[in-house]
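Hydrogens, waters and symmetry mates play no part in the numbers below; they use all other heavy atoms, side chains included. Per chain, numbering begins at 1; letters A, B, ... match sequence-line order.
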Amino acid sequence: MKIARVIVDVPAFQTDRPFDYEIPEKFEHMIEKGMRVIVPFGPRKVMGFVLEVADQTDLKHLKPIDDVMDLTPVLTGELIELGKWIREQTLSFHITAYQVMLPQALKAKYEKELECLALEEELSDELKPLFAGRSVIPFAEIQEKQIPYRKVQEAIKDGLVEVHYIVKSKETRKKSTWVKPAKDLHQLEEALEDFSPAAKKQRAIVEFFIEHKDAIPLKQLLDTLHTTRQTVQQLMKKGLLQTFKKDEYRDPYNNREFIQTKPKELTGEQKQAIKPIEESIVNEKHDVFLLHGVTGSGKTEIYLQTIEKVLKKGKEAIVLVPEIALTPQMVQRFKSRFGADVAVMHSGLSPGEKLDEWRKIQRQEVKVVVGARSAIFAPFQNLGIIIIDEEHESSYKQEDNPKYHARDVAVFRGQYHRCPVVLGSATPALETYARAKKGVYRLLTLSRRINNQSMPEVEIVDMREELHRGNRSMFSRSLQEKIQERLSRKEQIVLFLNRRGYSTFVICRDCGHTLQCPHCDISLTYHRKQERLKCHYCSYEIPMPGRCPECYSDTIRYFGTGTQKVEEALQLTFPEARIIRMDVDTTRNKGAHERLLAEFGHRRADILLGTQMIAKGLDFEHVTLVGVLAADSMLHLPDFRSAEKTFQLLTQVSGRAGRHELPGEVLIQTYTPEHYTVELASKYDYEQFFYKEMQIRKKFQYPPYYYLALITVSHPNQIYTIEVAQRMAKMLNSRLSGQSKVLGPTPSPLLRIKDRYRYQCMVKYKVESKLQMTIKRILQVYEEDMQKNDLQIVVDFQPYHLM
DNA sequence: AGTACGAGCGCG
DNA sequence: GCGCTCGTACTT
């Protein structure tokens, strides 16, 4: 008897281990490790992943596997190992680690049904209206129709009705009709002679098949021959054609044409940089490279050419791009070079589209995947290279469980496949650059732009000075002049506004009362369109009040600089300018992002005003001015990475100007022009910034000098939360080595969210073999309270956000 | 997580 | 003695 070790779809501490099941004979030759199965678990049925097929078990009685959900495994042996590793690293559950690797559409859906086994007349009076002639009903109807559950239980006991647990895959397949000849060539030709002269269309179709003889989608056939379904039907009646259904891929890039591009001639610097990567590929050696190249230095061309090398070896490539930079422009570059060999994965795709792209990878129909974070789990089996573009981007760290970093997963997979990992950035994360300096990663530098263009000039404007001179607008005089200049020259402008730290809160000018969320410690944000105030952390919202709820004054106003407000001010100052605004609000709809960019690209607007999302990857020929409206809005947030993030952002934004013939210019407005971050960013001096910032990190014992683990406790009762956090800190202190530093408990920067108080402990450590164990122990101690008492303990290793 | 089951309590 | 509620232990 064969036995399957299965991880069941129940995310809980107690069930986070393999369970053994008997493989029934009928499945013996079907079930392989990595497949999804349906198993009985207690009284119900759940989905599970087969981790292993074994011959022996310690248990006497095993339940048999109920059903198999896959024909081929969805997890490769490598991914199974990777899942175990992720669980260890992030202290998550097996099941969570595996679920995150697969497209959402493969997640199991559970349904409960009630079947009537007896005749309806035999049921008790209460149950009679339930079935109404049907033999099976959804279980939920019991509640809907308010039928006492006790009566149902009785009926179950008496064997009159039965509960069924059903596990379904959300997976849907799109089918399409195809047509193919039903006879061979000669028979078709013979048949033609019998056609009446009037049957022109029928004749054309048969002639088409004589020429092509392959199957073709019905829709395509009708389109090319300008005919209708009825004509085809006639031919089917004559037995000349037949139709069949075929799985179709939903291809989001179906209707687009990509013009094949050829590898470009590399500059001397690029050649230098590409050489060691290619050596790793040839020698099948795992190395991590940091490709540190200024914006416009041709990193992408290096990616493309190394991938070409990999493909020639018959291997595959993963390219990660930050979600926000996964623009049509970027996709275009890969599709143009590698054509149909490319799958694309990003959040803009529908679940069905994502599944189809994933299937292409699974079936080895593509060789390259370009995608956001989760594409790192692409089920390739012969990886030849992993590339992470803009490796410093915080979106590579997953915010919910499992809280993994794509960079770490990339290194795991690189080691497994003995292939290089390339981290590319103009402004590497400090951790990464420090590792490169130490020799852990191999540093490759591109210091010049291709064609030796210089980086655009940067002007820093001191906004305090502006204010002193009586300019109270959010545009400095210099910026206004420059915008006017561009407008008259018909050139384009990109204005960047960092919204963080500038949310539009509402304040009473009379008494100074600000409107807060009653469930969270945060100001409500004003949404102009709906005239409502909303909380960004919970779903609380109220209509904008006409009077201050405290002092009843009518001088209540909204403050802050949102993109909407800037847009209005901008339009007032430059009435003739055509403005496109890009932020979460204007890009919410599917395809809006792409559409707005295309509009700007076709010069149907003069100014592109936007948030983070326009900072990356944009490349427009006629943009000659980039303005940063408030460079330091993010510099003073309570986050040790705020300087690093600001430097990265300023550098990136600056890179949007003057990428082509026309020279570009950058203007940065700031209230702290003397800050090293602003100053060094304006000089594009990453190296200096690195040293300066490293000194600060060392002084305050932050990464890369120390690793961090952030443990957040939350509960509706503040006293209890503090108690737990204190006990936790004690446990950490007593169990960890003296080398590590335990900070806290401290109130989280956002003390209360959704009526829960939040306190945190931070562990700073260099080597701490007992850390995982200790935190596991803490979680064990509070396991019960977490299950029953609404206590939450969240652990984040190497956190990005300390909130 | 979801469920079954047992201890403890109220009522007849 | 039975029925209800709540806490607990278990799922292969």
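Residue A:Tyr110 is out of contact with every strand shown, counting any heavy-atom pair closer than 4.0 Å. Within 4.0 Å (heavy atoms only), A:Leu62 reaches sugar-phosphate atoms of the nucleic acid but no base atom. The residue A:Lys112 sits close only to the backbone: its heavy atoms come under 4.0 Å of sugar-phosphate atoms, none of a base.
Under the salt bridge (Lys or Arg N to Asp or Glu O under 4.0 Å) criterion, the residue pairs touching residues 767-777 of chain A are A:Glu88-A:Lys776, with sequence neighbours excluded. Among residues at least two apart or in separate chains, there is no ring pair (Phe, Tyr, Trp, His ring centres under 6.0 Å) pair with a member in residues 51-74 of chain A.
In this structure, the side chain to side chain contact (heavy atoms under 4.5 Å, CB included) partners of A:Gln89, at least two apart in sequence or on a different chain, are A:Trp85. Remark: A:Lys168 engages A:Glu111 in a side chain to side chain donor-acceptor pair (under 3.5 Å) (not counting sequence neighbours). Residues meeting the side chain to side chain contact (heavy atoms under 4.5 Å, CB included) test with A:Arg134, sequence neighbours left out: A:Ile137, A:Glu141, A:Lys145. With sequence neighbours excluded, the residues satisfying side chain to side chain contact (heavy atoms under 4.5 Å, CB included) with A:Thr721 are A:Val713, A:His715, A:Tyr757, A:Tyr759.
Ion pairing of A:Arg373 with A:Glu393 is absent here, as no side-chain N (NZ or NE/NH1/NH2) approaches a carboxylate O to less than 4.0 Å. Using a 4.0 Å cut-off between a side-chain N of Lys or Arg and a carboxylate O of Asp or Glu, A:Lys354 and A:Glu357 do not qualify as a salt bridge.
On the nucleic acid side, DNA chain B has its first and last nucleotide under 4.0 Å of a heavy atom of chain A at B:dA1 to B:dT3, going 5' to 3'. Contact footprint of chain A on DNA chain C: nucleotides with an atom under 4.0 Å from a non-hydrogen protein atom, first to last in 5' to 3' order, C:dC4 to C:dT12.
Contacts between residues 82-102 of chain A and DNA chain C, defined by a heavy-atom separation below 4.0 Å, involve no residue at all. For the contact set between residues 18-28 of chain A and DNA chain C, defined by any heavy atom under 4.0 Å, the members are A:Phe19, A:Asp20, A:Tyr21.
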N/O donor to acceptor pairs below 3.5 angstrom from side-chain atoms of residues 91-102 of chain A, sequence neighbours left out:
{"from": "A:Ser92", "atom 1": "OG", "to": "A:Thr90", "atom 2": "OG1", "distance (Å)": "2.9"}
{"from": "A:His94", "atom 1": "ND1", "to": "A:Asp16", "atom 2": "OD1", "distance (Å)": "3.1"}
{"from": "A:His94", "atom 1": "NE2", "to": "A:Arg87", "atom 2": "NE", "distance (Å)": "3.4"}
{"from": "A:Tyr98", "atom 1": "OH", "to": "A:Ile80", "atom 2": "O", "distance (Å)": "2.7"}
{"from": "A:Gln99", "atom 1": "NE2", "to": "A:Asp9", "atom 2": "OD1", "distance (Å)": "3.2"}

Query - Verdict with reasoning, A:Arg752 to A:Asp755, per salt bridge (Lys or Arg N to Asp or Glu O under 4.0 Å) - result: CA-CA 6 Å; A:Arg752 197 176 48 129; A:Asp755 283 324; 3.4 Å; yes
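With the 3.5 Å cutoff on both pairing distances, Watson-Crick and G-U pairs in DNA chain C assemble into runs of at least 3 at B:1-11 with C:1-11.
Under a cutoff of 6.0 Å and an axis angle of 45°, A:Arg17 and A:Phe19 form a cation-pi pair.
A donor-acceptor contact under 3.5 angstrom links the side chains of A:Ser347 and A:Glu323, judged on distance only.
Taking the six-membered ring for Trp, A:Tyr404 and A:Phe412 have ring centres at least 6.0 Å apart.
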